[in-house]
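For reference, the structure is listed below as structure tokens.
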Amino acid sequence: MIAFVSGAVAALTPTLAVIEVGGVGMAVHCTPNTIAGLRTGEQARLATSLVVREDSLTLYGFADDDERQVFELLQTASGVGPRVAQAMLGVHSPDALRTAFAAGDAKALTAVPGIGPKGAQKLLLELKGKLGAPAPVVGAERAVASGPAPWTEQLSAALIGLGYASREADEAVEAVTPQAEAAIAAGGSAPVPQLLRAALQSLNRAR
């Protein structure tokens, strides 16, 4: 198993990072949140999980070992493959998923593309207690809620990491804000992966 890769970031897309390791470019599938923390040309270290299929070897990358562990635990549920597990981590942090499973919050799980109400209930039954308890929220973390919405910072960082100027990133964030607010008003969370795709489409139309 490849536990991690470390090297210069050779290229980035919304869902893929190419890390140069010993002169070889390793293609690593990542969530937009992980991509947002990378910069082309800079050194990076990603925890990884290698998924082996009869016709493919796919490497998934994560910001830390905790994300990688949750990714692998999610796949112990029937019907959950690497793409669904990665989508879950693209929408929710590991602790947000632990909170959802501990509280039996099906609505949080249905915010993930491809997971419906029945699927969410099934996942709650199969995975309850397997991910562990969420970390306690301290006062400093509560105070963050009064600042900018986390999704705006994640989306802006992802766009800048992909090579867009700060002004372009700000314009793209503004363009998708109604979509994010609608998702939040419906009782869910801002779906950063979908917002990133919509933001990229708005930037392409503007060019």
Side-chain angles (χ1 to χ4, degrees), residues 4-21 25-49 58-71 74 82-98 108 111-113 135 140-141 144-145 147-181 183-184 188-204 206-207:
F4 70 90
V5 295
S6 180
V9 180
L12 293 170
T13 76
T15 58
L16 189 77
V18 179
I19 309 296
E20 184 177 347
V21 181
M26 305 286 285
V28 187
H29 294 262
C30 305
T31 66
N33 292 342
T34 300
I35 293 290
L38 305 177
R39 297 291 183 273
T40 303
E42 295 185 3
Q43 293 291 312
R45 183 186 188 278
L46 295 175
T48 56
S49 179
T58 307
L59 198 60
Y60 291 86
F62 309 92
D64 53 40
D65 292 334
D66 185 34
E67 275 196 359
R68 192 253 317 275
Q69 182 181 26
V70 170
F71 172 78
L74 290 172
R83 289 187 179 181
V84 173
Q86 189 180 50
M88 293 174 76
L89 285 166
V91 175
H92 299 295
S93 68
D95 264 352
L97 285 172
R98 292 186 180 103
V112 179
E141 291 174 328
V144 174
W151 73 264
T152 64
E153 297 177 351
Q154 293 171 357
L155 184 57
S156 179
L159 292 168
I160 292 171
L162 291 171
Y164 290 96
S166 296
R167 176 184 57 79
E168 292 177 306
D170 290 342
E171 291 174 354
V173 169
E174 184 177 353
V176 301
T177 293
Q179 182 179 338
E181 291 178 343
I184 294 170
S189 58
V192 175
Q194 293 95 311
L195 292 173
L196 179 58
R197 286 192 288 270
L200 290 170
Q201 289 172 359
S202 72
L203 287 168
N204 289 334
R207 288 186 167 183

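Bear in mind the structure is a predicted one, so any value in this text is a computation, not a measurement.
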Yes or no on side chain to side chain contact (heavy atoms under 4.5 Å, CB included) for T177 and L195, after CA distance, side-chain angles and deciding distance? CA-CA 9 Å; T177 293; L195 292 173; over 6 Å; no

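- Side-chain contact check for T58 versus P82: every heavy-atom pair is 4.5 Å or farther apart.
- The two atoms that bring E174 and P178 nearest to each other are O-CD, 3.7 Å, heavy atoms only.
- Once rounded to the nearest 0.5 Å, the distance linking CD of Q201 with CG of L196 reads 10.0 Å.
- Remark: D65 engages R68 in a salt bridge, criterion side-chain N to carboxylate O under 4.0 Å.
- T48 is not listed as a side-chain neighbour of M26, based on a closest heavy-atom distance of 4.5 Å or more.
- Pairing each heavy atom of A17 with each of L38, the nearest pair is CB-CD1, 3.7 Å.
- The minimum heavy-atom distance linking V9 with A44 is given by the pair CG2-CB, 3.7 Å.
- Heavy-atom minimum distance, L74 versus A85: CD1-O, 3.8 Å.
- The structure places CZ of F62 at 4.0 Å from CZ of F71, a figure rounded to the nearest 0.5 Å.
- Put simply, CG on L89 and OG1 on T34 are 8.0 Å apart, with the number rounded to the nearest 0.5 Å.
- Under the 4.5 Å side-chain criterion, counting only non-hydrogen atoms from C-beta, V28 is not in contact with L16.
- S156 places no side-chain N or O within 3.5 Å of a backbone atom of E153 that could act as its donor or acceptor partner.
- Within the 4.5 Å cutoff, the side chain of T31 has heavy atoms near those of the Q86 side chain.
- The shortest distance between side-chain heavy atoms of V70 and R98 falls below 4.5 Å.
- The NE2 atom of H29 sits 8.5 Å away from atom OG1 of T13, with the distance rounded to the nearest 0.5 Å.
- Rounded to the nearest 0.5 Å, atoms CG (L97) and CD (E67) are 9.5 Å apart.
- In this structure, the side chains of L200 and Y164 come closer than 4.5 Å at one or more pairs of heavy atoms.
- Panel note: side chain H92, backbone A108; a donor-acceptor pair is recorded below 3.5 Å.
- Contact check for I35 versus T15: no side-chain heavy atoms found under the 4.5 Å cut-off.
- If you take CD1 on I19 and CG on L12, they are separated by 7.0 Å, rounding to the nearest 0.5 Å.
- The backbone N or O of V176 lies less than 3.5 Å from no partner atom in the side chain of Q179, so there is not a single donor-acceptor pair.
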